[in-house]
Every structure is written in structure tokens, then in C-alpha cells.
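None of the values given here were measured: they were computed from a predicted structure.
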Amino acid sequence: MSLDLVDIGANLTHDSFADDRDAVMARALQAGVRRLVVTGADLASSRQAAALAAAHPRLWSTAGVHPHHAQSFEASQRGELLDLLCLKSVVAVGECGLDYFRNLSPPPAQRAAFIAQLEIAAQIRKPVFLHQRDAHGDFAAILNDFDGRLQGVAHCFTGGELELEAYLELGLYIGITGWACDERRGVELRGVVPRIPADRLLIETDAPYLLPRDMTPLPKSRRNEPAYLPHIAATVAHLRGETVEAVASMTTRNAVALFALAPTSS
């Protein structure tokens, strides 16, 4: 079976990939992951992600400030972020949003950084790569203020019917990770995966995080990587009662549409 998949979110600048990043990318391609978006989480990792994407024709990247780092995002850094986002290989603003689960940055700082990045996205007309954990009310309210001015994806969606309907109403795409492969934590998510419209579904690994729990055998390193995206696609296909080929086709089409990804050679 030959697949053509897009991993819309992988943290390839993570230290765990420092020693074998090229091999990781080669395994991904061999597994059918033909295009990949590298996630930026702060200005430093966004610069690294942009450099990585610029050096590899099958890679693109995002540039932004994760809510964990929101406290360190200053108005003076807006220009640097804009410069990164003007690069051809940088296709989305983020990872940005709200995370009240850990509150590594105070909620007011998170909201300020989130709004600032949404303003940038609306200004430059690039999509947003969104993070939300235990902050649905504020997250949806802020996005609603930008209704009609933004496109984006609810990255690593783990919610249920309420969140899904809200994000679809906002016009967002829905990114599904290996969370759907966890019969314990992913029960609610697994129940709504079939309800995601075909033209709003995306898949991602969030590597090196969220290794699919039901993989056999599990890698000794317990590190997730883009080569495992077909496993997630197969789980999504099972939950939706569709073929893996159908899920690959629709999610790749959606990724290309959202991020304006260029075609790749075979």
C-alpha cells in the first residue's frame, strides 16, 4: 500500500531528534509521509524550524509562541516573528493559543500573546496552528472576535462534541493525533472522530510526543516520529468506517488547501 500523507505537526527541532534527524525524515518518507510541517513553539525553535524547512523541499514550518512561553513574548519581538512568517517555507502562525492546565505562563500573558499572534495572522493572511488545553471558553471567545478573518487548525484536538461543534462553527480544521489510539484517555475523542467533516479532517503525530499507545511493538525509545503517521491514519479510518487510502486522500487534500503546500516530486 502506497500512501501520500502530510504530517501537519511534528516537533523535529526537539532535542530527541538531534542525533538522527535525517534518518527520521528518511523513515517518514519510506512510510508514505511525503510532506511535513515542523512546529515552532517560540522564536528560537521557530527559527530552527524555518531553517530546517528551507533546507528540505518536503518540509514546511510554523512560527509562533506557544502559551507555555507567552510570558516571554514581548511587543519588540513582533517584528522578528513577522520576518519569519514572510518566508515562503513558513506556512502558519503558531503554535499559539491557551493552556490553563499547566499555566506555565500566567493566563493574562497567554491571552495577550494569543491575541497578538491572531492579529498577525489576520494581517498577513496565513492560517493559525492552535493549541488549547483546559481553556475552551476563553479560547473560543477570543477566536470568535476574529470570526471570518482567520483560517486555522485546532492542533492535537482531544475534546468532545461541544468543542468540536464550536471549532467547526469557527471554520477550523481538526487535527487528530495518536490520542485517538488511546482507548483510555481518548474515549471521548474516538466518539467524535466520525463526526468530523471530510473537508475539515487533518492528521499529525506531534512527534516526539503522543506515541500511539496501541502500537505493537512499541519502540524502545518511546519516542514518536512522523513514520508512525500511517498508524494514526489507520485508526482514524477504522473509527470512521473508511479505508486508509480515503483518509490519506482527504487529509492530504485538506493540508494542501489550508497551508498552500507546494507539490513534491515523487
Side chains of Arg185 and Thr158: does their closest heavy-atom pair fall under 4.5 Å? no
Would you say the side-chain atoms of Thr252 pair up with the backbone N or O of Asp4, donor to acceptor, closer than 3.5 Å? yes
Can a donor-acceptor pair be found between the side chains of Asp42 and Ser45 at a distance below 3.5 Å? yes
Is a side-chain donor or acceptor of Asn144 paired with a backbone partner of Ala140 at a separation under 3.5 angstrom? no
Leu130, Ile120: one ILVMFWY side-chain cluster at the under-4.5 Å cut-off? yes
Ile142 and Leu98, any side-chain heavy atoms less than 4.5 Å apart: yes
Are His136 and Glu163 close enough that a side-chain donor and a side-chain acceptor fall under 3.5 Å? no
Give the ring-plane orientation class for Phe129 versus Phe259, where under 30° counts as parallel, over 60° as perpendicular and anything between as tilted. tilted
Using ring centroids (six-membered ring only for Trp), state whether Phe101 and His68 fall under 6.0 Å. no
Is the backbone N or O of Asn103 less than 3.5 Å from a side-chain atom of Gln110, with the two atoms forming a donor-acceptor pair by type? no
Can you tell me if Arg35 uses its side chain to pair, donor with acceptor, with the backbone of Trp60 under 3.5 Å? no
Test item: Pro127 and Val153 side chains (from C-beta on) under 4.5 Å apart, heavy atoms: no
Taking Arg200 for the side chain and Gly171 for the main chain, is one N or O donor matched with an acceptor at less than 3.5 Å? yes
Flag the pair Ile176 / Leu189 as yes when at least one side-chain heavy-atom distance between them is below 4.5 Å, and no otherwise. yes
Is there a donor in the side chain of His231 and an acceptor in the side chain of Asp214, or the other way round, less than 3.5 Å apart? yes
Expected output: side-chain Gln117 to main-chain Ala113 donor-acceptor under 3.5 Å: yes
Report yes or no: do Leu210 and Val236 belong to one cluster of Ile/Leu/Val/Met/Phe/Trp/Tyr joined by side chain heavy-atom distances under 4.5 Å? yes
Please determine, by modelled atom types, if Thr205 and Asp7 share a side-chain donor-acceptor pair under 3.5 angstrom. yes
Separation between CD1 of Ile232 and CD1 of Ile203, rounded to the nearest 0.5 Å: 7.0 Å
Drop me the distance from Glu74's CD to Gln71's CD, to the nearest 0.5 angstrom. 10.5 Å
Pairwise side-chain contact, His155 with Thr39, heavy-atom cut-off 4.5 Å (strictly under): no
Taking Ala23's backbone N and O only, do any of them form a donor-acceptor pair with Asp20's side chain (distance below 3.5 Å, no angle check)? no
Quick check on ring pair (Phe, Tyr, Trp, His ring centres under 6.0 Å): which of Phe114, Phe146, Phe157, Tyr100 does Phe139 satisfy it with? Phe114
Closer than 3.5 angstrom, by distance alone: can the side chain of Arg222 be matched with the main-chain N or O of Pro219 as a donor-acceptor pair? yes
Please confirm whether the backbone N or O of Ala180 pairs with a side-chain atom of Thr235, one donor and one acceptor, at under 3.5 Å? no
Will you find, in the side chains of Asp199 and Asn254, an N or O donor that is under 3.5 Å from an N or O acceptor? no
Taking Asp99 for its side chain and Arg102 for its backbone only, find out whether a donor-acceptor pair lies under 3.5 Å. yes
